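In what follows, a single structure is set out as structure tokens and then discussed.
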Amino acid sequence: LAEIDAGTHSQGAATQLESRTLNFDVIPPRPIPILTLQGKALCTAGNLTNIQAPAKAGKSAVLESQIAAIMSGNRQGIDTLGFSAENPQGFALIHLDTEQSRFDHDALVRRAVRRAKVETPPAWFHSYSLADLSIRERRQALHFAMRDGREAHGGIFAVMIDGIGDLCADPNDAGEAFALVAELHTAAISYDCAIITILHENPGGSETGKTRGHLGSQVERKAETNLRLAKDSHGVTTIWAEKARHCYLPKSEGPCFAWNDQAMMHTSCGTAKQMKSAELREKMNLEAEAAFGEVGSMTYTELVEAIMKALDVSERTAKSRVTTWLAEGITRKTSTGNHTLTNP
């Protein structure tokens with residue numbers, strides 16, 4: 001502060017400030033999304049996007065699908081788990097893997113290529129396995145890759161870092177964490193690209209999705225979008241983004257995916273809303289079948305009594321079930337006014 005007050009660097013500071021002054025007469029162009037999810041803008045140039053999830057929730061599958069989406073350029077008939085992107089200028093897409101073995105890193109990229117339905121990765125795609133490097137070497141590799149990518153392809157489309165926690169020694173060190181996030185944000189602005197990071201949530205975390213230390217908190221504050229993943233007991237992962245600058249995708253409406261043995265990759269299985277609807281409908285079908293048993297049709301009174309007995313519910317609840325089943329097409333009325341299963 002003493003140096004600033006003394007005007008030691010006043011000329012440079014004044015020049016920097018002048019070039020960043022708001023001009024109310026000029027409206028900056030709206031940023032073009034680098035990556036979208038269900039049509040909602042996730043990433044724009046000059047910003048950070050973070051993908052967070054508990055261990056083994058599908059973070060690599062999401063990254064693989066994002067790579068495939070960029071490689072495919074929105075071609076039809078490709079399952080990219082709801083992600084879409086286009087790179088018409090052929091700018092560099094840089095992928096840094098700091099976590100997996102060489103084999104697993106290679107396998108991820110090969111799945112992305114197969115998912116994108118292309119023969120080989122585009123020339124502008126550069127992927128590096130950095131798990132065996134020191135933290136300092138990984139940070140240097142990131143900047144070398146960005147510099148070389150811009151020189152080779154005229155610009156950077158996006159940088160994907162799996163994961164950001166491996167670029168610092170202690171995510172609980174506030175000084176180190178803040179400096180790393182600032183370094184990445186500055187790089188995103190300088191190279192006019194999106195930087196996508198992956199960060200684990202704390203083990204046994206609550207619904208709040210607390211990520212690791214000061215690093216997680218700072219990434220959350222600075223990220224344009226915080227993309228969250230959660231896997232349920234059936235192995236289905238939901239993607240959502242409730243903390244984002246340019247979109248809002250609640251968990252109840254997020255796209256879902258699960259491992260598909262036949263396809264040998266994760267594939268889409270509808271949205272959370274559709275999954276819940278299907279689950280509720282299956283439950284209604286099972287309850288209706290239990291109430292009817294071997295009986296083909298019943299009067300209203302008989303059905304209410306059958307529901308009370310089969311499901312062990314009150315009369316009021318049983319009557320509500322009759323109304324709901326009719327409205328949802330689980331049951332129907334016959335020409336005589338009796339109730340019967342729609343699909344016995």
Side-chain angles (χ1 to χ4, degrees), residues 34-35 43 47-53 55-68 70-71 87 91-113 115 120-153 155-173 176-188 190-191 193-201 211-216 218-219 222-223 227 229:
I34 296 293
L35 188 70
C43 315
N47 285 298
L48 306 179
T49 290
N50 187 55
I51 302 168
Q52 64 177 77
K56 310 306 178 187
K59 295 184 293 296
S60 292
V62 164
L63 201 64
E64 164 205 319
S65 297
Q66 292 176 344
I67 293 171
I70 299 168
M71 286 182 176
N87 182 15
F91 287 161
L93 172 61
I94 297 170
H95 169 232
L96 306 180
D97 189 330
T98 66
E99 294 192 338
Q100 301 186 107
S101 67
R102 290 286 182 94
F103 177 85
D104 290 328
H105 162 249
D106 179 88
L108 183 147
V109 174
R110 290 182 187 277
R111 280 195 306 272
V113 169
R115 186 183 292 275
T120 58
W124 41 258
F125 176 68
H126 300 273
S127 184
Y128 305 91
S129 175
L130 309 182
D132 60 334
L133 298 183
S134 68
I135 291 171
R136 181 171 177 273
E137 289 169 332
R138 290 169 189 159
R139 297 267 283 269
Q140 289 177 335
L142 166 63
H143 291 289
F144 285 146
M146 294 183 74
R147 183 199 63 190
D148 293 348
R150 180 167 63 181
E151 289 180 0
H153 305 286
I156 304 292
F157 183 76
V159 177
M160 298 175 165
I161 305 173
D162 184 6
I164 186 177
D166 295 316
L167 297 185
C168 69
D170 183 4
N172 290 302
D173 184 316
E176 184 182 19
F178 285 23
L180 172 58
V181 175
E183 178 183 326
L184 294 178
H185 198 186
T186 299
S190 176
Y191 283 87
C193 70
I195 294 183
I196 301 167
T197 61
I198 286 183
L199 186 62
H200 291 277
E201 292 180 358
T211 47
R212 296 174 60 193
H214 287 293
L215 177 61
Q218 186 67 357
V219 168
K222 293 297 183 179
L227 200 63
L229 313 178

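Computed from a prediction, not measured in an experiment: that's the story for all the values here.
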Problem - Arg102 atom CZ: more than 12 heavy-atom contacts under 6.0 Å - result: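 12 or below, so no.
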Taking all atoms of both residues into account, what is the closest heavy-atom pair of [X] and [Y], and its distance?
X      : Y      : result
Trp124 : Phe91  : CB-O, 3.5 Å
Leu199 : Lys59  : O-CD, 4.4 Å
Leu48  : Ala188 : CD2-CB, 4.4 Å

Report yes if some heavy atom in the side chain of [X] is under 4.5 Å from a heavy atom in the side chain of [Y]; otherwise report no.
X      : Y      : result
Asp166 : Ile135 : no
Met160 : Leu96  : no
Arg115 : Glu64  : yes
Met146 : Val159 : yes
Gln100 : Leu108 : yes

Practice task
Quick one: sort the Phe125 and His95 rings into parallel, tilted or perpendicular, breaks at 30° and 60°.
Solution key: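 If you compare the ring of Phe125 with that of His95, the planes turn out parallel.
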For [X], check salt bridge (charged side-chain N to carboxylate O under 4.0 Å, His left out) against everything at least two apart and list the hits.
X      : result
Arg138 : none
Arg139 : Glu183
Asp106 : Arg110

So how far is it from [X] [atom1] to [Y] [atom2], rounded to the nearest 0.5 Å?
X      : Y      : atom1 : atom2 : value
Ile34  : Leu93  : CD1   : CG    : 10.0 Å
Leu184 : Asn47  : CG    : CG    : 12.5 Å
Lys222 : His185 : NZ    : NE2   : 7.0 Å
Ser65  : Ile67  : OG    : CD1   : 9.0 Å

Practice task
Check step by step if side-chain contact (heavy atoms from CB on, under 4.5 Å) holds for Thr49 and Thr197.
Solution key: CA-CA 6 Å; Thr49 290; Thr197 61; over 6 Å; no
Exercise for the section: Would you confirm whether Glu176, through its side chain, and Ala169, through its main-chain N or O, come within 3.5 Å as a donor-acceptor pair? Expected result: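 Checked: pair present.
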Practice task
Report yes or no: does Thr98 contribute a side-chain atom to a donor-acceptor pair with the main-chain N or O of Leu130 at less than 3.5 Å?
Solution key: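 Looks like no, no N/O pair under 3.5 Å.
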Handout entry: Side-chain donor-acceptor contact under 3.5 Å, Ser127 with His105
Key =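 There is such a pair between these side chains.
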